[in-house]
Amino acid sequence: MAGRYWLLKSDPQTFGLEHLRRSSRRTTMWDGVRNYQARNSLRDEMRVGDGVLFYHSQSAPPAVVATARVVRAGYPDPTQFDPRSPGYDPKAERATPRWYVVDIRLEEELAHPVTLPEIRRRPELAQMALIRRGRLSVQPVTPAEWKAVVKLGRG
DNA sequence: GCCAACGTTGGC
DNA sequence: GCCAACGTTGGC
């Protein structure tokens, strides 16, 4: 089956492209997601090899800045069990983890970040979950949307 | 910093 | 199960 595509949002002040670039093997554990719909995607749907659009939220302007690859499929988010972590969830049990992560590896930094205003403006992108669904930090992307965003980003 | 949209919590 | 109160996300 063909790989699927996703968009992952991140506030660059917390973890942005620069952090990902500097990470060992340019790979990071995508932790801290605390929304059930996003959790379900991480746990049940994302597969090794899936494409990821890396999106900077809370920036001016918000934009897709890079592509990445899923290199490890869903596994329990260790931060939910760590009382010292901001991701700590006292209701999470090890036998029945509540929150999940995947690992992603940076693939291509886009020469021309694809901004939110541009995505809104393009008819072929205006139906993206990013526009329609508002806040959701892990969301599906169609193959056509992926292709169009990457093409714009390469300039 | 403001605030709209949305998700979660908890009283009933 | 409903829904008001509350907290968070995220664009501007």
Side-chain angles (χ1 to χ4, degrees), chain A residues 4-23 28-46 50-70 73-104 106-142 144-146 148-155:
Chain A
R4 300 189 223 186
Y5 300 100
W6 306 92
L7 181 144
L8 297 185
K9 287 185 192 172
S10 191
D11 173 357
Q13 294 211 311
T14 305
F15 189 93
L17 178 55
E18 305 226 343
H19 301 87
L20 183 55
R21 186 192 299 136
R22 289 199 309 267
S23 300
T28 195
M29 180 178 75
W30 200 257
D31 64 9
V33 172
R34 296 293 180 267
N35 167 284
Y36 286 103
Q37 198 173 347
R39 185 282 307 271
N40 292 345
S41 297
L42 292 167
R43 186 188 61 189
D44 305 332
E45 297 177 44
M46 297 177 78
D50 284 0
V52 170
L53 296 176
F54 188 88
Y55 177 85
H56 278 174
S57 63
Q58 323 258 59
S59 48
V64 175
V65 295
T67 67
R69 253 333 126 174
V70 175
Y75 61 102
D77 183 341
T79 68
Q80 70 192 301
F81 305 121
D82 178 0
R84 293 179 314 274
S85 166
Y88 179 60
D89 182 345
K91 294 187 195 153
E93 313 251 5
R94 285 185 186 272
T96 55
R98 203 181 256 217
W99 306 114
Y100 282 72
V101 297
V102 297
D103 289 356
I104 63 165
L106 175 62
E107 196 154 89
E108 179 179 351
E109 301 191 25
L110 296 176
H112 304 284
V114 182
T115 68
L116 182 59
E118 179 160 23
I119 289 169
R120 287 190 200 284
R121 202 182 310 132
R122 298 260 171 189
E124 71 273 29
L125 297 178
Q127 297 301 308
M128 285 184 76
L130 182 66
I131 309 298
R132 294 162 61 90
R133 308 267 297 282
R135 28 174 268 194
L136 180 61
S137 63
V138 177
Q139 36 179 273
V141 171
T142 69
E145 289 163 353
W146 167 272
V149 170
V150 170
K151 186 175 178 195
L152 287 170
R154 285 173 176 158

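Note: hydrogens, waters and symmetry copies are ignored here, and every other heavy atom, side chains too, is used.
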*When every nucleotide of nucleotides 2-9 of chain B is labelled 5' to 3' by its protein contacts under 4.0 Å (heavy atoms), B for base, S for sugar-phosphate only, - for none, what sequence of letters results?*
---BBSS-
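Within the 3.5 Å criterion, the main-chain N or O of A:G32 finds a donor-acceptor partner in the side chain of A:D77. In this structure a side-chain-to-backbone donor-acceptor pair under 3.5 Å is present from A:Q80 to A:R98. With hydrogens and angles disregarded, no donor-acceptor distance shorter than 3.5 Å links the side chain of A:H56 to the backbone of A:G16.
For A:H56 and C:dG10, the NE2 to P distance is 13 Å, given to the nearest whole Å. Regarding A:L8, its CG atom lies at a distance of 16 Å from the C1' atom of C:dG10, rounded to whole Å. A:I119 places its CD1 atom 10 Å from the P atom of C:dG11, with the value rounded to the nearest Å.
Using modelled atom types, one finds a donor on one side chain and an acceptor on the other under 3.5 Å when comparing A:R34 with A:T79.
Of the residues listed (A:T28, A:D50, A:T67), the one engaging A:I104 in a side-chain contact (heavy atoms from CB on, under 4.5 Å) is A:T28, and it is the only one.
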